[in-house]
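As structure tokens, the structure follows; a few thoughts come after it.
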Amino acid sequence: MFYSKIFIPTLREVGQEAEAISHRLLLKGGFIRQLASGLYIYLPLGWRVMQRIIKILREEMDAIGAQEITCPVLHPAELWEATGRWYEIKDEMFRLKDRGGRNMCLGMTHEEVMAWLASKEIRSYRELPQIWYQIQTKLRDEARPKAGIMRTREFIMKDSYSFDMDEEGLNHSYEIHRKAYHRIFERCGLKFYEVESDPGMMGGGQSHEFMAPSTAGEDEIVICDRCGYAANMEVADSIPHETIKEESNLEEVHTPDKRTVEEVSRFLGVPREGFIKTLAIMASEGLVIALLRGDQQLHEKKLQKIIGPFRQALKEEIIERLGTEPGFIGPHGHGLRIIADPVLQKGSYISGANKKDYHIRGLKAGVHFKPEWYSIHIAKEGEGCPKCNSPLRIEKAIEIGNIFKLGTKYSIPLKAFYLDSSGQQRPIIMGSYGIGPARIMAAAVEQANDADGIIWPKSIAPFDIEILPLSPGNVVMETAKKIYNSLIERGFDVLLDDRDERPGVKFKDADLIGIPYQIIIGERGLKEGYIELKERRTKAITKLSPDSVHRYGF
RNA sequence: CGGGGCGUAGCGCAGCCCGGUUAGCGCACCUGCCUUGGGAGCAGGGGGUCGGUGGUUCAAAUCCACUCGCCCCGACCA
């Protein structure tokens, strides 16, 4: 491809509104343009990158026997009503009516449609298993589109769905997807982790996410470098640091006007780890007490999984039930349901005395109060791995893929049944697996760039090699074209910068758009019989004779 | 949906507080000359209903109200 024939509108500067590095560089390099909030146009260079990612996705999906199909983006509401998601999902779903007044929606994912298809077509166990996938547009009316192409309202997704007879079959489908995903992200040149995750509204059982570490990421992941434990912060557990065990008898202490753990800790000269943080929670079942160690933070999602939706109890509700105001409440002496973090199983602690201006020391779990034990704290950097107790690390990351074991959540309501070998009707066991190629693109840029621009992994770069003839002179351009042809013959995607621009412009643009290799041809070098090969990543320059370039191992 | 910020030429910005010539700068663009190893130089030129609507005023880019759009933080994120 000649530079003059491909539209690459690079920018000198990008506005304040773009903050994420990938967003800035993709705009600056002429890969993307924004149409409206969360809506992006992929320009020739950006679309080339997407195509190369998609090609890898196809190859690896095909390799595990997945079959590509394509479904409509426009869905009849009935399917979503059948699974209940029509009602569960709120503003994120684009809804509309057709001319006949029928409710429709734009597909944000395709479990319903795929399960519907299976329900129509799969009759017998002989037709199972199946894996169907598509690479197709999804629409979600995101509350807040973010960071360029990282979170958009319309995006392409590779989504696949597995259909099996039983759990064992599902486990196999899940496993081959898991492995395929590893190959895909490796081939795309990304640093990534596979982490345990929260299935969320997808429902079903086990799920994992694939996370590309990046400070621009929206998620936090908890990682153990020793045993490989890795989990999304939403589900991560940790073993908090052991603390000094204060052994003392139950005794009330006067703590006038000292309410928060912080205040009482300072007042008594006891570190926060010596306290029980007593939280009064109003759940649908009524007042519930949640207990954390004084230095811990409540993980609301974890608690919600145990007691359902809740809010902080109001001051009046606390006074009415416990007879004292927030700041002096404790875990003992009332019959309320108590959820406690397991770190409190050992030791004795200080907490509120359920009496204004008093705290109480010497509280022991099992002795003075009897809680249900659930991990409800937020994991912190440096705390112990739940599996091997070595220090955990926390990193920000971009979610680039996820895999879910769905079970029968969609197959039963949509009546996707099959007959087993004994003639009995059974629900098909499903899994669903997604990858966002635009996220891969953004993550690749986030993970590899420098002050001059993008450094594409070879596998997904818009071109393999860029040739920079530095002057319009005949010899230079002829040499460039000769090399261009020989590289094309070898099967490379080559970009030849044939523009009538000064060398500086060509250098700047080449570094910005980040093609892995640059072949620089100048009169100066040519006179001495060499051209230069520059590796974009290292900026290392190798001098080669013009005749030997095509033999180089790119 | 809560909080904050921004909207002025194709792009990036200043001007706005404190109303008052013809609304300015850089880049890009057009013409000519010159130049060709890191976004050249000189000369000339074109391009704006200052997001929109309404109001205050002799006078509004500037003050007020409403509204639309975009960005950031949070909530949310199947």
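A note on names: the letters A, B, ... follow the listed sequences, proteins ahead of strands, and every chain is numbered from 1. Scope of the values below: all heavy atoms of this structure, side chains included, with no hydrogens, waters or symmetry mates.
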> So what does A/A147 touch, heavy atoms closer than 4.0 Å: a base, only the sugar-phosphate, or nothing?
Replying inline: sugar-phosphate
>> Does the structure show a Watson-Crick or G-U wobble partner for B/rG19, both distances under 3.5 Å? Name it, or say none.
In response: none
> In whole Å, what is the span from the CD atom of A/E218 to the P atom of B/rA75?
Replying inline: 12 Å
> Taking atom C1' of B/rC71 as reference, at what distance in whole Å does atom CE of A/M150 sit?
Replying inline: 15 Å
>> Looking only at the side chains, is there a donor atom on one of A/D511 and A/Q518 sitting less than 3.5 Å from an acceptor on the other?
In response: yes
> Mind checking who B/rG37 pairs with, Watson-Crick or G-U wobble, both distances under 3.5 Å?
Replying inline: none
> Rounded to whole angstroms, how far apart are CD on A/E13 and P on B/rG26?
Replying inline: 13 Å
> Between B/rG37, B/rC77, B/rU36, which nucleotide has the shortest distance from any of its atoms to the side chain of A/E142?
Replying inline: B/rC77
>> Of the listed nucleotides (B/rG12, B/rC70, B/rA78), which one gets closest to any side-chain atom of A/S37?
In response: B/rC70
> Quick one: does NZ or CZ of A/K543 land under 6.0 Å from the six-membered ring centre of A/Y530, within 45 degrees of the ring axis?
Replying inline: yes
>> Classify the ring geometry of A/Y433 against A/Y174: parallel below 30°, tilted from 30° to 60°, perpendicular beyond 60°.
In response: tilted
>> I'd like the P distance from B/rG15 over to B/rG20, given in whole Å.
In response: 14 Å
>> Check the phosphate of B/rG5 against A/Q16, side-chain N and O only, distance under 4.0 Å to OP1 or OP2. Yes or no?
In response: no
> What distance, rounded to whole Å, do you find between the two C1' atoms, one in B/rC63 and one in B/rC16?
Replying inline: 10 Å
> Which value, in whole Å, describes the distance between the P atoms of nucleotides B/rG51 and B/rG32?
Replying inline: 36 Å
>> Rounded to whole Å, how long is the line connecting atom CH2 of A/W80 with atom P of B/rA78?
In response: 12 Å
> At under 4.0 Å, does any side-chain N or O of A/R12 touch on OP1 or OP2 of B/rA28?
Replying inline: yes
>> Tell me every residue that passes ring-ring contact (aromatic ring centres under 6.0 Å, His included) with A/F2, counting only those two or more places apart in sequence or in another chain.
In response: A/Y484
> With no hydrogens and no angle check, do the side chains of A/Q136 and A/H110 hold a donor and an acceptor under 3.5 Å apart?
Replying inline: yes
>> So if I take every side-chain heavy atom of A/R144 and compare against B/rG38, B/rC77, B/rA75, which nucleotide ends up nearest?
In response: B/rA75
>> Counting the atoms with a prime plus P, OP1 and OP2 as sugar-phosphate, which does A/E532 contact under 4.0 Å by heavy atoms, base, sugar-phosphate, or nothing?
In response: base
> Heavy atoms under 4.0 Å, any strand shown: does A/P469 hit a base, just sugar-phosphate, or nothing?
Replying inline: nothing
>> With hydrogens left out and only the distance checked, is there a donor-acceptor pair under 3.5 Å joining A/E17's side chain and the base of B/rG5?
In response: no
> Hey, does the side-chain of A/K534 have a donor or acceptor N/O within less than 3.5 Å of a partner on the base of B/rG38?
Replying inline: yes
>> Measuring only the C1' atom in each nucleotide, how far is B/rG7 from B/rC29? A whole number of Å is fine.
In response: 24 Å
> What's the closest nucleotide to the A/A143 side chain, out of B/rC76, B/rC11, B/rG37?
Replying inline: B/rC76
> Can you tell me the Watson-Crick or wobble partner of B/rA14, both distances under 3.5 angstrom?
Replying inline: none
> Taking the nucleotide of RNA chain B with the closest heavy atom to each, which residue, A/Y40 or A/D511, is nearer the 5' end?
Replying inline: A/D511
>> Nearest to the side chain of A/P503, heavy atoms from C-beta on, is which of B/rG12, B/rG37, B/rA78?
In response: B/rG37
> Between the side chains of A/H177 and A/S160, is a donor N or O closer than 3.5 angstrom to an acceptor N or O?
Replying inline: yes
> What is the pairing partner of B/rG7, taking Watson-Crick or G-U wobble pairs with both distances under 3.5 Å in any strand?
Replying inline: B/rC68
> In terms of side-chain heavy atoms of A/Q34, which of B/rG12, B/rC71, B/rC76 is nearest?
Replying inline: B/rC71
> So which nucleotide does B/rG2 pair with, by the Watson-Crick or G-U wobble rule with both distances under 3.5 Å?
Replying inline: B/rC73
>> My understanding is that a pair needs two contacts under 3.5 Å, Watson-Crick or G-U wobble. By that rule, which nucleotide pairs with B/rA60?
In response: none
>> As a test of reading the structure: which of B/rC70, B/rC72, B/rG38 is closest to the side chain of A/A36, going by heavy atoms?
In response: B/rC70
>> Can you tell me the base-pairing partner of B/rC50? Count Watson-Crick or G-U wobble geometry only, both distances below 3.5 Å, and say none if there is no partner.
In response: none
> Where do A/F31 and A/Y42 land on the ring pair (Phe, Tyr, Trp, His ring centres under 6.0 Å) test, with the steps shown first?
Replying inline: CA-CA 6 Å; A/F31 291 79; A/Y42 288 79; 9.8 Å; no
> Which part of the nucleic acid does A/G522 contact within heavy-atom distance under 4.0 Å: base, sugar-phosphate only, or nothing?
Replying inline: base
> Between A/K90 and A/L526, which has a closest nucleotide on RNA chain B that is more 5'?
Replying inline: A/L526
> Expressed in whole Å, how much space separates the C1' atoms belonging to B/rG48 and B/rC13?
Replying inline: 15 Å
> Could one point to a donor on the side chain of A/E92 or the base of B/rA78 with an acceptor on the other under 3.5 Å away?
Replying inline: yes
> How would you label the contact of A/K506 with the nucleic acid (heavy atoms, under 4.0 Å): base, sugar-phosphate, or nothing?
Replying inline: nothing
> Taking the six-membered ring of A/W86, is the NZ or CZ of A/R95 close enough (under 6.0 Å from the centre) and on axis enough (within 45°)?
Replying inline: yes
> A/D500 has an atom CG; how far is it from atom P of B/rG37, in whole Å?
Replying inline: 13 Å
> Paired with B/rU31: which nucleotide, if any, by Watson-Crick or G-U wobble criteria at under 3.5 Å for both distances?
Replying inline: B/rA43
> Counting any heavy atom closer than 4.0 Å, what does A/D91 reach on the DNA or RNA strands: base, sugar-phosphate only, or nothing?
Replying inline: nothing
> Rounding to a whole Å, what distance do you find between A/L27:CG and B/rG12:P?
Replying inline: 9 Å
> What is the distance, rounded to the nearest whole Å, between atom CD of A/Q206 and atom P of B/rA78?
Replying inline: 18 Å
> Of all the nucleotides listed (B/rG39, B/rC11, B/rC77), which has the minimum atom distance to the side chain of A/L512?
Replying inline: B/rG39
> What's the closest nucleotide to the A/S471 side chain, out of B/rU36, B/rG37, B/rA28?
Replying inline: B/rU36
>> Regarding A/Q130 and A/Q67, do their side chains bring together a donor and an acceptor under 3.5 Å, going by distance alone?
In response: yes
> Separation of A/L470 atom CG from B/rG39 atom C1', in whole Å?
Replying inline: 14 Å
>> Categorize A/K28 for me: base, sugar-phosphate, or nothing, with a 4.0 angstrom heavy-atom threshold over every strand shown.
In response: base
> Taking only residues at least two apart or on different chains, which pairs with a member in residues 7-18 of chain A satisfy side chain to side chain donor-acceptor pair (under 3.5 Å)?
Replying inline: A/T10-A/D509
> Distance between the C1' atoms of B/rA61 and B/rA9, in whole angstroms?
Replying inline: 14 Å
> Out of B/rA78, B/rG39, B/rG38, which nucleotide sits closest to the side chain of A/D509?
Replying inline: B/rG39
> When you compare B/rU8 with B/rC73, how far apart are their C1' atoms, in angstrom units rounded to a whole number?
Replying inline: 27 Å
> P atom, B/rA60 versus B/rC50: distance in rounded Å?
Replying inline: 11 Å
